[in-house]
Amino acid sequence: MHRFANPTRFLRIANAVLPWCVSLTAVLFVLGLGWGLFFSPPDYQQGETVRIMYVHVPAAWMGLFIYGVMAVASAVGLIWRHPLAELTAKAAAPIGAAFTFLSLVTGSLWGKPMWGTWWVWDARLTSMLILLFLYIGYIFLWDAFDDPQRAAKAAAILALVGSVNLPIIKFSVDWWNTLHQPASVVTMQGPKIDSAILWPLIVMALAFKAFFVSVLLVRIKAELAERKLRIMRLNQVARENSRLGAAQAGAES
Amino acid sequence: MTVFWAVVRRDLLLAFRQGGGAGMAVTFFVVTVTLFPLGVGPEPNVLARIGSGVVWVSALLAALLSLDRLFQADLEDGGLDLLSLSPEPLEIIVLAKCLAHWLSTGLPLIAVAPLLGLLMGMPGAGIGGLVLAMLLGTPALSLIGAVGAGLTAGVRRGGVLLSLLVLPLYIPILIFGVSAVEAAATGLTARPHLLILAAMSLFTAVLAPLAAAAAVRLALE
């Protein structure tokens with residue numbers, strides 16, 4: 001793993017992989033969206049609205065998956081002081097937040113025609129909303145520190161605490177829901193998933209994964225460039241300071 | 001162990017002698033609960049319905065407000081540096097500070113909670129359940145809060161960030177705290193909810209000091 005801690009090696013690999021990743025994403029999206037939107041049958045109950053699922057379900061999966069990626073990357077960063085792992089966690093967070101938000105928005109759009117309401121305090125919706133809050137807190141914590149190394153550590157601790165808490169929150173919300181409003185709240189009992197619907201869904205899930213990897217690589221490259229810029233700027237300031245100091249010393253003598 | 005109790009004693013003395021640490025949290029708690037009848041309207045059945053939730057949410061916020069003092073003041077005056085040099089592990093010291101925070105904030109909140117339950121028109125059994133649930137659940141509030149307080153110690157505008165980080169993590173305690181009260185109020189057994197609250201407090205007592213101590217070490221760097 002430490003072989004990939006070297007940013008130069010990482011950049012070389014990332015630059016080689018990125019075009020493939022992007023093309024794979026494009027192909028999978030064309031295939032999945034085309035299949036899902038035009039060539040899959042409408043649901044017998046939900047009609048055409050079932051097609052929202054091809055965006056909604058993979059987005060929700062990605063929201064959870066990326067938090068897992070963040071937690072693992074944070075642990076690796078904390079334990080082995082792996083600088084690229086820290087950057088990976090940082091770069092993944094906004095993508096995860098965006099997917100979580102997307103799943104909430106599409107779920108809301110789907111809920112209006114199906115359930116007759118934009119929002120229900122259903123267990124799944126509520127726990128996804130809390131996941132979004134965790135992402136936002138994490139992103140803000142990164143911004144709160146001036147020193148990126150301290151920010152990385154603090155954010156890693158938060159991500160790990162959140163990863164311990166996330167299952168607890170998930171279960172508590174599940175139980176809370178069943179305790180208060182048993183069975184009256186919508187259950188996700190739409191269609192029994194038929195292979196005509198399942199296959200485009202799987203293609204879309206893979207498309208989302210490939211999209212995540214592509215964007216993650218671009219974002220890590222951007223983070224590396226930003227760190228490089230920061231160091232160059234600091235060096236420049238230091239050089240100017242020493243030049244000013246020398247000039248002053250010259251003027252005084 | 002002597003270090004542990006010395007830290008607890010010191011933090012309690014500081015909390016009570018340094019300008020109403022406990023008093024402010026309790027007053028905030030009472031004022032917040034008072035806002036609800038004014039905002040929602042004084043119908044007794046509505047208030048009794050939302051009472052347990054209102055009291056719990058206000059208790060969360062009151063506990064949250066006093067959290068930023070947990071490490072911030074010691075970090076500023078250098079006391080935290082000295083504490084971290086102690087031969088005892090920092091985790092133990094953090095646990096002691098959490099205990100002191102709970103004794104100076106959690107316990108006073110629990111003491112006034114029955115009165116607020118009465119004001120909200122909750123039934124007697126519900127008030128008993130509320131006190132029990134808060135006794136078992138509020139330690140977890142101090143412990144989880146310590147992680148957030150450690151992470152935001154020495155950070156600009158740390159207070160707002162602290163609430164943002166900690167409140168989502170408080171949700172399970174809120175959920176089971178309110179379920180316990182409602183079970184007790186409707187004559188069902190509150191035992192399972194109380195057991196889960198106790199489990200969460202024990203769980204956080206083991207794990208939260210580790211994370212909080214890591215955060216404090218980071219703040220001291």
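Quick caveat: nothing in here was measured; it's all calculated off a predicted structure. Each chain gets a letter, A, B and so on, in the order its sequence line appears, and its residues count up from 1.
Residue contact with chain A, scored on non-hydrogen atoms closer than 4.5 Å, is absent for B:L210. With a 4.5 angstrom heavy-atom cutoff, B:L167 does not touch chain A via any of its atoms. Both the backbone and the side chain of B:L169 have a heavy atom closer than 4.5 Å to some heavy atom of chain A.
Considering only heavy-atom pairs separated by less than 4.5 Å from chain A, the leading option among B:A219, B:P172, B:A215, B:A211 is B:P172. Of the listed residues A:V161, A:D146, A:D147, the one with more heavy-atom pairs under 4.5 angstrom with chain B than any other is A:D146.
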Using atom types as modelled, flag every donor-acceptor pair under 3.5 Å from a side chain in residues 130-142 of chain A to any protein atom, sequence neighbours excluded.
{"from": "A:Y135", "atom 1": "OH", "to": "A:G63", "atom 2": "O", "distance (Å)": "2.6"}
{"from": "A:Y135", "atom 1": "OH", "to": "A:Y67", "atom 2": "N", "distance (Å)": "2.9"}
{"from": "A:Y138", "atom 1": "OH", "to": "A:W142", "atom 2": "NE1", "distance (Å)": "3.2"}

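A salt bridge links A:K90 and A:E223; the closest N-O separation between the charged side-chain nitrogens and carboxylate oxygens is under 4.0 Å. For the pair B:R217 and B:E91, the salt-bridge criterion is met [side-chain N within less than 4.0 Å of a carboxylate O].
With hydrogens and angles left out, the side-chain atoms of A:S108 and A:W119 include no donor and acceptor closer than 3.5 Å.
Taken to the nearest 0.5 Å, the CD1 atom of B:I92 stands 13.0 Å off from the CG atom of B:L83.
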